[in-house]
Amino acid sequence: MIAQRGLKARWLRAGDRRNTFAPTMLQLSVLKEQTDRVLVGLAKRNFKTAEADVAAVLDLDQRRRALQTQHDTAQAEANELARQIGGLMKSGDKAGAETLKARTSELKTQIKTHADELAALEKQQTELLYKIPNVPHESVPAGRSADDNEVVREGGTKPDLGPGAQPHWELIKKYDIIDFDLGIKITGAGFPVYKGQGARLQRALINFFLEQARDAGYVEVQPPILVNEASGYGTGQLPDKEGQMYHDKADNLYLIPTSEVPITNLYRDEIIATDKLPVRNTGYTPCFRREAGSWGADVRGLNRLHQFDKVEIVQITQPEHSYAAHEQMVAHVEKLLQLLELPYRVLRLCGGDMGFTSALTYDLEVWSAAQGRWLEVSSVSNFETFQANRLKCRYRGEGGKTQLLHTLNGSALALPRIVAALLENNQTPEGINLPSVLHSYCGFAQIK
RNA sequence: AGAGAGGUGGCAGAGUGGUCGAAUGCGACGGAUUCGAAAUCCGUUAUACCGGCAACGGUAUCGGGGGUUCGAAUCCCCCCCUCUCUGCCA
């Protein structure tokens, strides 16, 4: 076979850190076969260049395929010639071999040109595809901002604290359970130190969440909290959110912003046996976010941190089951909030507020009584095949053909804002009364 | 961190320039045998892209990139990763 490198590596492979040429994001086949649905969906995201971008991708695809056919044909001829030359050399027909070689060198330049053009077309196509976000599910409302999100339902009762209620940043000082100044001393802003009952409450919440997830059928995993570049690409943090992750340059590793990254990447480059589906995993990890440029008025206390704790649930399912799984995951998170006796609401995010990679996202918010505002404590998303396409996470469908799976994940739950709400909503002159479900986990019923 | 070894199909493991996409073994799947099973025997068993309604055909892929050659898993260069020993250490 004629050497023909530079065209391969369409997929990002494990262990190959230099190859940043990640595969396409939206499946090309979806774009081709469901162009109308894609355009309608992208309109809900106010993705202005959708039509032009999609048309450009389709055009590039057509050119690429035509070229590919030519290229393959030339390649086939060259392979055949090489075989013949081999035969002639063996039989000692030097002159015959030389004649064929002439034709071969002609083909070689042609092949080289094709290969370069193909690579260029693929690069253009990939870059375009990178820009196109996931197509929202049909239930996603159109809208521009958080104001356009749809309140699906509310639960619990908002407490009436009366006058003198304190926000959590006052309460943590009063009871000396979380110390921001100490965190600043040893690390920096946004790295709180939990002390005494505060530390024990953290540990209790983590255990409570993990146990609940386990009861709901999720298998617990404890993944690394540093991941390599390939994993960052796999779940889509790279290249878009590079600046949001802490990066260890010496070893080229990233501190995870969520355990979604290591847990979902467990299944990168896998063809999962049908009897192993759906994959249901849960894991606790600390999470690290640089939050570059997002510091402002609403980030006091525990509202936004550089390091925080979170229990995550992840599911990987066959396409036809993903939306049922999604609802089930939302129900699970809702149950946690009910057990914690926190007033909450479930939002269906509008097209403009949804993440780039998601097809449908529910946010769960708890009422922070002293701040008088809703705090997002969980985000449960169905990515459909968007992540799986990058991850190369597949199963065997009809006729043994490989097909992309759907990936989903959600927080269940992120701790800091839960703590904020617990402190504020349950404050009394005597102390903070914790919900009964936590008593055995904490070893105490009241913070005082 | 120093020294050495190595990266080949689901796994193990051959293969040092010419039908090698790749021997062999294991596993898996289908079938035969069996009342059933084990054992045995026969067959099948990678992924992606292009063409085709399909059957099927073509191309690429032996860690990644580049080079030599009519022809590279095999030769040369660069990079990445893993393992072992030594050192350090929770």
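Protein chains get the first letters and strands the later ones, always in sequence-line order, with residue 1 at the start of each. These numbers come from a predicted model, not from an experiment.
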Send over the distance from A:Arg64 CZ to B:A60 P, rounded to a whole Å. 16 Å
Can you tell whether the side chains of A:Lys173 and A:Glu170 come within less than 4.0 Å, N to carboxylate O? no
Interatomic distance, A:Leu81 CG vs B:U69 C1' [rounded to whole Å]: 15 Å
Are the aromatic rings of A:Tyr323 and A:His137 close, with centres under 6.0 Å apart? yes
Compare the minimum distances between each of B:C50, B:A48, B:C70 and the side chain of A:Ile85, then state the nucleotide with the smallest one. B:C70
Gap in Å between the two C1' atoms, one belonging to B:G21 and one to B:C79, rounded: 26 Å
Any strand is fair game: report the nucleotide pairing with B:U82 by Watson-Crick or G-U wobble, both distances under 3.5 Å, or none. B:A5
Nearest-Å distance for atom pair NZ/P, residues A:Lys123 and B:G65: 16 Å
Modelled atom types, side-chain donor and acceptor of A:Glu260 and A:Gln387, under 3.5 Å: yes
Among B:C70, B:U59, B:A48, which nucleotide sits nearest the side chain of A:Gln75? B:U59
Identify whether any heavy atom of A:Thr402 sits under 4.0 Å from a base atom; if not, whether one sits that close to sugar-phosphate; answer base, sugar-phosphate or nothing. sugar-phosphate
Side-chain donor-acceptor pair under 3.5 Å between A:Thr258 and A:Lys310, yes or no? yes
Work out how far the P atom of B:G63 is from that of B:C81, and round it to whole angstrom. 16 Å
Paired nucleotide for B:G10 [Watson-Crick or G-U wobble; both distances under 3.5 Å]: B:C26
Where the side chain of A:Arg65 is defined as all heavy atoms beyond and including C-beta, which of B:G58, B:G51, B:G71 is the nearest nucleotide? B:G51
Hey, does the side chain of A:Arg103 come within less than 4.0 Å of B:C70's phosphate (OP1/OP2), counting only N and O? no
Does the distance from a Lys or Arg side-chain N to an Asp or Glu carboxylate O, for A:Glu127 and A:Lys123, drop under 4.0 Å? yes
Tell me which nucleotide among B:U47, B:C50, B:G71 gets nearest to the side chain of A:Asp72. B:C50
Kindly point out which of B:C70, B:U59, B:U47 is positioned nearest to the side chain of A:Ile271? B:U47
Nearest of B:C70, B:U59, B:U47 to any side-chain atom of A:Asn79? B:U59
Pairwise P distance for B:G58 and B:U68, with rounding to whole Å: 28 Å
How far does the C1' atom of B:G2 sit from the matching atom of B:U24, given to the nearest Å? 39 Å
